[in-house]
Amino acid sequence: MQIPTHLAIIMDGNGRWAEQRRLPRILGHRKGVETVQTIVDECLELGVRYLTLYAFSSENWGRPQEEVEALMGLLGTFLKKELSQLQKRGIRLMAIGELDRLPKSISKILNDITKKTADNDRMVLNLALSYGSRNELTRAMQRLGREIAAGKLQADDLTEMDIEAVLDTHSIPGPDLLIRTGGEMRISNFMLWQMAYTELYFTETPWPDFSRNKLLQAIEVYSHRQRRFGLTGAQLRDVGADDGEERH
Ligand code: IPE
Ligand code: IPE
Ligand code: MG
């Protein structure tokens, strides 16, 4: 099975999972945290190098205050408990998004864990928090604009690499596979630039019910995709980059 180097997940469907059971939405989010732990473990075992989890979007700030506060509470508890687990497993924590909008207590723990796990090299767990792709791109453009204004960069010399370098994800390769749980077939402002050639996988399963087996199923489907990056299948076979043959 072909394991994606970078797996990104839009963890959706927590609220509906709870509503279907006549439970408060926050219980769906709480169950969702358990799924996070299971999936992180499985990814580590499979040899995924980067796992990005979309945990809270720029737009999610607009939800009822009660839900936002409950989500921040869960995030805080998760992070506090997670440090020792991350260290034990050799996982490095990173975060992308407009992190200064997060409550001070959370950004403090986040900073602390990011520093303490910086040398771990088995897997990167990248949390998208207060993240929106348009917001990320806007901040990136502002930065480039300032560099151009300061004469450090010429507008006509700008390359795709210069843009990559100012994104929150600058040290992380683009996702190979995106999984969205919860049945919606949309991207919801997630990694628009980075997902130019990402394979997409949508499942009806809500995030609280997502499991090791369902993850394996998604990766199995991914394994059978032929990623052509704009070229022809024959070209890929010529350069030996296609391992599709052995899959049939
Ligand atoms: C995803 O679940 C978690 C967050 C967006 C924080 P939702 O809360 O969006 O669940 P649904 O989509 O309402 O079921
Ligand atoms: C996307 O889910 C954001 C996260 C999973 C954190 P949403 O539930 O916010 O997306 P929409 O509103 O259905 O597009
Ligand atoms: Mg949702």
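Order of appearance sets the numbers: ligands from 1, and atoms from 1 within every ligand.
The single protein non-hydrogen atom nearest to atom 7 (P) of ligand 1 is D12 OD1, 3.5 Å, given as residue, atom name and distance. In this structure, atom 9 (O) of ligand 2 lies nearest to the protein heavy atom N60 ND2, 3.0 Å. Here the heavy atom of the protein found nearest to atom 12 (O) of ligand 2 is R186 NH2, 4.6 Å. For atom 1 (C) of ligand 1, the closest non-hydrogen atom on the protein side is M11 O, 3.0 Å.
Of all atoms in ligand 1, listed by their number and element, those nearer than 4.0 Å to a heavy atom of A55 are 6 (C). Using a 4.0 Å cut-off to heavy atoms of S188, the atoms of ligand 2 that qualify are 10 (O), 11 (P), 14 (O). Listed by number with element, the atoms of ligand 1 under 4.0 angstrom from any heavy atom of H29 are 3 (C), 8 (O).
Proximity of E19 to ligand 1, defined as any heavy-atom pair under 4.0 Å, is not found for any part of the residue. Using a 4.0 Å cut-off between heavy atoms, F190 makes no contact with ligand 2 at all. The part of R63 lying near ligand 1 is the side chain, judged by heavy-atom distances below 4.0 Å.
Using a 4.5 Å heavy-atom threshold, the side chains of Q87 and T117 count as touching.
Side-chain N/O atoms of T38 and D41 include no donor and acceptor closer than 3.5 Å. N60 and S57 form a side-chain donor-acceptor contact under 3.5 Å, judged by distance and modelled atom types alone. With hydrogens and angles left out, the side-chain atoms of Y222 and Q2 include no donor and acceptor closer than 3.5 Å.
In this structure, R16 falls outside the shell of residues with a heavy atom less than 4.0 angstrom from ligand 2. For P206, the heavy-atom gap to ligand 1 stays at 4.0 angstrom or more.
The environment of M161 atom CE is sparse: at most 12 non-hydrogen atoms of other residues, nucleotides or ligands sit within 6.0 angstrom.
A ring pair (Phe, Tyr, Trp, His ring centres under 6.0 Å) with F56 is found for exactly one of Y131, F78, W61, namely W61.
Under a 3.5 Å cut-off, the side chain of H29 and the backbone N or O of L71 do not form any donor-acceptor pair.
The Mg ion (ligand 3) lies under 2.8 Å from an N, O or S atom belonging to D12.
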